[in-house]
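Here the structure comes first, spelled out in structure tokens, and everything after it is commentary.
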Amino acid sequence: GHPEKRDQRYPRNVINNQKYNFFTFLPGVLFNQFKYFFNLYFLLLACSQFVVEMRLGALYTYWVPLGFVLAVTVIREAAEEIRCYMRDKEVNSQIYSKLTARGRLCGSSTAGACCLVNQRVPADMIFLRTSEKNGSCFLRTDQLDGETDWKLRLPVTCTQRLPTASDLLQIRSYVYAEEPNIDIHNFVGTFTREDSDPSVNESLSIENTLWASTVIASGTVVGVVLYTGRELRSVMNTSNPRSKIGLFDLEVNCLTKILFGALVVVSLVMVALQHFAGRWYLQIIRFLLLFSNIIPISLRVNLDMGKIVYSWVIRRDSKIPGTVVRSSTIPEQLGRISYLLTDKTGIYVENTVLTSKKSSSLDEILRINS
């Protein structure tokens with residue numbers, strides 16, 4: 001209850017799921033675009049027009065289409081980053097009640113603070129007290145480990161026995177905890193109360209923890225914050241955001257390489273018909289430029305615009321309300337799903353029970369379960 005007395009400095013309790021920042025956005029987007037052959041091919045074509053001997057027309061005939069493609073991509077990435085920033089801001093700006101010497105105050109969670117929680121857990125905490133009469137609470141951990149069943153958590157025994165939550169600040173105690181790590185299923189620590197005679201020492205396990213990103217399903221709990229920010233279990237188990245590419249884009253990139261190989265062969269044949277006379281190597285490049293329309297740059301625009309529209313339609317679909325499209329670069333991957341494997345049986349049991357009330361036909365049960 002006295003975080004100002006801590007000796008160690010802890011990271012701010014904020015999360016960041018953005019792929020770029022203000023300085024890395026444009027270089028990062030351009031790098032992710034030109035690391036694939038499809039886009040690099042058109043960039044080399046446009047750059048070749050700066051050489052007078054290779055120029056086939058006005059510069060804008062190559063640079064305007066390429067610039068339009070890049071503008072569409074940059075706008076799409078910027079829109080995703082803004083949405084991600086707003087989601088992070090909403091989570092990071094949530095206010096919680098804290099127990100202090102001046103009473104209950106509202107503020108953000110910091111290491112060493114005693115927070116009252118009846119919703120989403122803001123940080124990794126040790127469970128000290130609950131308002132439930134049975135002396136326990138349940139958590140929903142689906143946002144942490146994907147498990148939809150509730151998990152039972154137990155408070156520290158000596159703090160649960162205190163008459164009121166405010167009495168937590170009247171005792172002299174401390175928590176000895178392990179260093180931050182990625183294991184969400186285990187925890188080792190001790191809780192020591194020094195102002196009792198004799199002093200109380202309780203071992204702490206995973207049952208005494210409240211990890212961030214879980215949700216309190218019953219009652220109001222009080223916990224002392226252990227880990228914050230980048231030291232959270234949920235953050236340490238999250239890989240760094242990266243630019244995703246779908247199988248369709250990889251196939252288009254592969255087909256572009258095949259077409260480019262065909263262009264090279266055709267250009268060599270055209271130069272060979274002239275018996276490699278004169279500066280034949282420049283002639284090869286000029287033929288490559290003349291036949292470059294075989295690989296249409298408009299395909300890149302159509303793909304990006306199609307993905308944007310597809311993502312917008314998914315968000316607006318009335319049959320799946322509340323759907324959030326976190327990445328507009330791979331929505332077409334949904335159309336490639338052939339098999340859905342799951343280890344969950346609850347939904348099938350529920351569907352079977354509902355179906356048995358309507359009809360005992362096996363065909364009807366299979367139809368509804370599917």
Answer yes or no: does atom CZ of Arg120 have more than 12 heavy-atom neighbours from other residues, nucleotides or ligands under 6.0 Å? yes

Test side-chain contact (heavy atoms from CB on, under 4.5 Å), reference Val51, set Arg55, Gln49, Met54, output is Met54

Does the side chain of Thr256 come under 3.5 Å of the side chain of Asn253 through a donor N or O and an acceptor N or O? no

I want to check something: taking the side chain as every heavy atom from C-beta on, are Asn208 and Arg153 in contact at a cut-off of under 4.5 Å? no

Once you round to the nearest 0.5 Å, how far does OG of Ser267 lie from CZ of Arg286? 12.0 Å

Stepwise, does the side chain to side chain contact (heavy atoms under 4.5 Å, CB included) test hold for Met305 with Val72? CA-CA 8 Å; Met305 297 299 292; Val72 171; 3.9 Å; yes

What do you reckon, is CZ of Phe50 surrounded by more than 12 foreign heavy atoms closer than 6.0 Å? yes

If I take atom CZ from residue Arg233 and atom CG from residue Asp183, how far apart are they, to the nearest 0.5 angstrom? 6.5 Å

pair Asn32-Tyr20: side-chain heavy atoms closer than 4.5 Å: yes

Under 30°, 30 to 60°, or over 60°: which ring-plane class applies to Phe138 and Trp150, parallel, tilted or perpendicular? tilted

Got Glu231 and Pro11 here, is their nearest side-chain heavy-atom distance under 4.5 Å? yes

Derivation of the side chain to side chain contact (heavy atoms under 4.5 Å, CB included) call for Ser213 and Val121: CA-CA 6 Å; Ser213 298; Val121 179; over 6 Å; no

Taking it one step at a time, do Arg193 and Asp195 satisfy salt bridge (Lys or Arg N to Asp or Glu O under 4.0 Å)? CA-CA 6 Å; Arg193 180 177 177 180; Asp195 60 342; 2.7 Å; yes

Apply the test side chain to side chain contact (heavy atoms under 4.5 Å, CB included) to residues Val74 and Phe25: give CA-CA distance (whole Å), side-chain angles for both, the deciding distance (0.1 Å), then the verdict. CA-CA 9 Å; Val74 169; Phe25 174 74; 3.8 Å; yes

Using a strict cut-off of less than 4.0 Å between a Lys/Arg side-chain nitrogen and an Asp/Glu carboxylate oxygen, indicate whether Glu77 and Arg83 qualify as a salt bridge. no

Near Ile182 CD1, under 6.0 Å, is it more than 12 heavy atoms from other residues, nucleotides or ligands? no

Is there a side-chain contact between Asn13 and Thr110 (heavy atoms, below 4.5 Å)? no

Please find out if less than 6.0 Å separates the ring center of Trp63 from that of Phe42. no

With no hydrogens and no angle check, do the side chains of Gln18 and Asn21 hold a donor and an acceptor under 3.5 Å apart? no

May I ask you to decide if the ring planes of Phe291 and Phe287 are parallel, tilted or perpendicular, using 30° and 60° as cut-offs? parallel

Please report the interatomic distance OG1(Thr130) to CD(Gln160), rounded to the nearest 0.5 Å. 6.0 Å

Side-chain touch Val91/Asp88, heavy atoms, less than 4.5 angstrom: no

CA sep, side-chain torsions, deciding dist, call: Val175, Leu204, side chain to side chain contact (heavy atoms under 4.5 Å, CB included): CA-CA 9 Å; Val175 175; Leu204 301 175; 3.9 Å; yes

Have Asn201 and Thr192 got a donor and an acceptor in their side chains that come within less than 3.5 Å? yes

From OG1 (Thr209) to CG (Asp124), nearest 0.5 Å: 8.0 Å

Does any part of the side chain of Glu202, heavy atoms only, come nearer than 4.5 Å to the side chain of Thr190, both counted from C-beta? no

Give, for atom CG of Asn39 and atom CG of Leu44, the distance between the pair rounded to the nearest 0.5 Å. 11.0 Å

Taking atom types as modelled, find out whether Tyr96 and Gln94 have a side-chain donor-acceptor pair closer than 3.5 angstrom. yes

Pairwise distance OG(Ser234) to CD1(Ile15) - rounded to 0.5 angstrom: 7.5 Å

Worked verdict on Lys307 versus Asp249 for salt bridge (Lys or Arg N to Asp or Glu O under 4.0 Å): CA-CA 11 Å; Lys307 291 179 180 182; Asp249 288 313; 2.2 Å; yes

